[in-house]
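Single-structure report; data block below.
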Amino acid sequence: MRFMLTLLIYFSSLPSYAQTPTVAKVRSLYAQTEKQENACKELIDILGPYNETNNPLFLGYKSSATMMMAKYVSNPFSKLSYFNRGKKMLEKAVNADKYNIELRSLRFLVQSNVPSFLGYNDDIDVDKTFIISNAHLVQDPELKKNIVYFMNRWGKLTPNQKNILNK
């Protein structure tokens, strides 16, 4: 009987491990959020259990997808609500892991693209400097490619900053 109970507990816990998303899956879904509302919803859903304590990076992606949901609703109060919820989550994520270049890149990307009247642009220059100074430390080639792409697209980089970033 004890053996059966142990097996039951073991097998009932397997699906939760199988559902843990990979960073590659999260990044892939995130890339789709700009054009697909369903990608936002799916990303928010699969990252639901994550917070600044158990996975600041996943919280950062969840927060960005939450802010992106504002694009897909028409009610101005709903737009602002999504944005403010996402902003709070993103700040928690960055504060939990201040030296994570991927989180700082997410915040840079968000702050570079939200309308200035929302007042969420205080960290653009700090994040830009951090990213440029630390991009050479990124070991993941896909992440490095994404960071370089987004910085070149929205970073308003000087030629010297581009050279540093592309090394």
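When atom types are taken as modelled, the side chain of Y120 and the backbone of P115 share no donor-acceptor pair closer than 3.5 angstrom. Here the side chain of S63 pairs a donor or acceptor atom with the backbone of G60 at under 3.5 angstrom.
With sequence neighbours excluded, no residue forms a salt bridge (charged side-chain N to carboxylate O under 4.0 Å, His left out) with E52. Residues satisfying the salt bridge (charged side-chain N to carboxylate O under 4.0 Å, His left out) test with K41, not counting sequence neighbours, are E37. Residues satisfying the side chain to side chain donor-acceptor pair (under 3.5 Å) test with N113, not counting sequence neighbours, are W154. Every residue two or more places apart in sequence or in another chain that forms a ring-ring contact (aromatic ring centres under 6.0 Å, His included) with Y30 is listed here: Y61. Qualifying side chain to side chain contact (heavy atoms under 4.5 Å, CB included) partners for S116, counting only residues two or more places apart in sequence or in other chains: N121. Residues passing the side chain to side chain donor-acceptor pair (under 3.5 Å) test with N55, sequence neighbours excluded: none. For K92, there are no salt bridge (charged side-chain N to carboxylate O under 4.0 Å, His left out) partners two or more places apart in sequence or in a different chain.
Of all the heavy atoms in A93 and P56, the pair that sits closest is CB-O, 3.3 Å. Here the closest heavy-atom approach between residue N54 and residue P49 is recorded as ND2-O, 3.1 Å. Nearest approach of T33 to C40, heavy atoms of both residues: CB-SG, 3.5 Å. Residue L165 comes nearest to I132 through the heavy atom pair CD1-CA, 4.3 Å, listed as atom of the first residue, atom of the second, then distance. When all heavy atoms are compared, the tightest approach of G155 to F108 is CA-CZ, 3.5 Å. Nearest heavy-atom pair across Q161 and L157 is OE1-CA, 3.3 Å.
The CE atom of M67 sits 9.0 Å away from atom NZ of K87, with the distance rounded to the nearest 0.5 Å. The CD atom of Q111 sits 6.5 Å away from atom CG of D122, with the distance rounded to the nearest 0.5 Å. Interatomic distance, CZ of F77 versus CG of N84, reported as 12.5 Å (0.5 Å rounding). If you take CE on M151 and CG on L109, they are separated by 10.0 Å, rounding to the nearest 0.5 Å. Rounding to the nearest 0.5 Å places OG of S64 at 5.0 Å from CG of L90. Once rounded to the nearest 0.5 Å, the distance linking CG of L103 with CG of N95 reads 10.5 Å.
Within the 4.5 Å cutoff, the side chain of Y50 has heavy atoms near those of the P21 side chain. L137 is not listed as a side-chain neighbour of I101, based on a closest heavy-atom distance of 4.5 Å or more. The side-chain heavy atoms of I46 and L29, taken from C-beta on, include a pair separated by under 4.5 Å. Residues F150 and S105 are not in side-chain contact: their nearest non-hydrogen atoms beyond the backbone lie 4.5 Å or more apart. Two residues are said to be in side-chain contact when any heavy atoms from C-beta on lie closer than 4.5 Å; D97 and L57 fail this criterion.
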Exercise for the section: Could you go through the side-chain contact (heavy atoms from CB on, under 4.5 Å) check for N166 and N152 one step at a time? Expected result: CA-CA 10 Å; N166 289 310; N152 280 317; 3.9 Å; yes
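Linking ILVMFWY side-chain heavy atoms closer than 4.5 Å, directly or via other members, places V73 and F83 in two distinct hydrophobic clusters. Linking ILVMFWY side-chain heavy atoms closer than 4.5 Å, directly or via other members, places Y149 and L106 in a single hydrophobic cluster. Cluster annotation: V148 is connected to I164 through the hydrophobic network of ILVMFWY side chains, with a link wherever side-chain heavy atoms come within less than 4.5 Å. With hydrophobic clusters built from ILVMFWY side chains whose heavy atoms lie under 4.5 angstrom apart, M69 does not share a cluster with L47.
The list of salt bridge (charged side-chain N to carboxylate O under 4.0 Å, His left out) pairs with a residue in residues 70-85, not counting sequence neighbours, is empty. Applying the salt bridge (charged side-chain N to carboxylate O under 4.0 Å, His left out) test to residues at least two apart or on different chains, the pairs with a partner in residues 130-142 are R27-D140, E142-K145. Applying the salt bridge (charged side-chain N to carboxylate O under 4.0 Å, His left out) definition to pairs two or more places apart or across chains, those involving residues 123-132 are R104-D127, R107-D123, R107-D127. Among residue pairs with one or both ends in residues 153-162, none qualify as salt bridge (charged side-chain N to carboxylate O under 4.0 Å, His left out); sequence neighbours excluded.
Chaining together hydrophobic side chains whose heavy atoms lie under 4.5 Å apart places L59 alongside M89.
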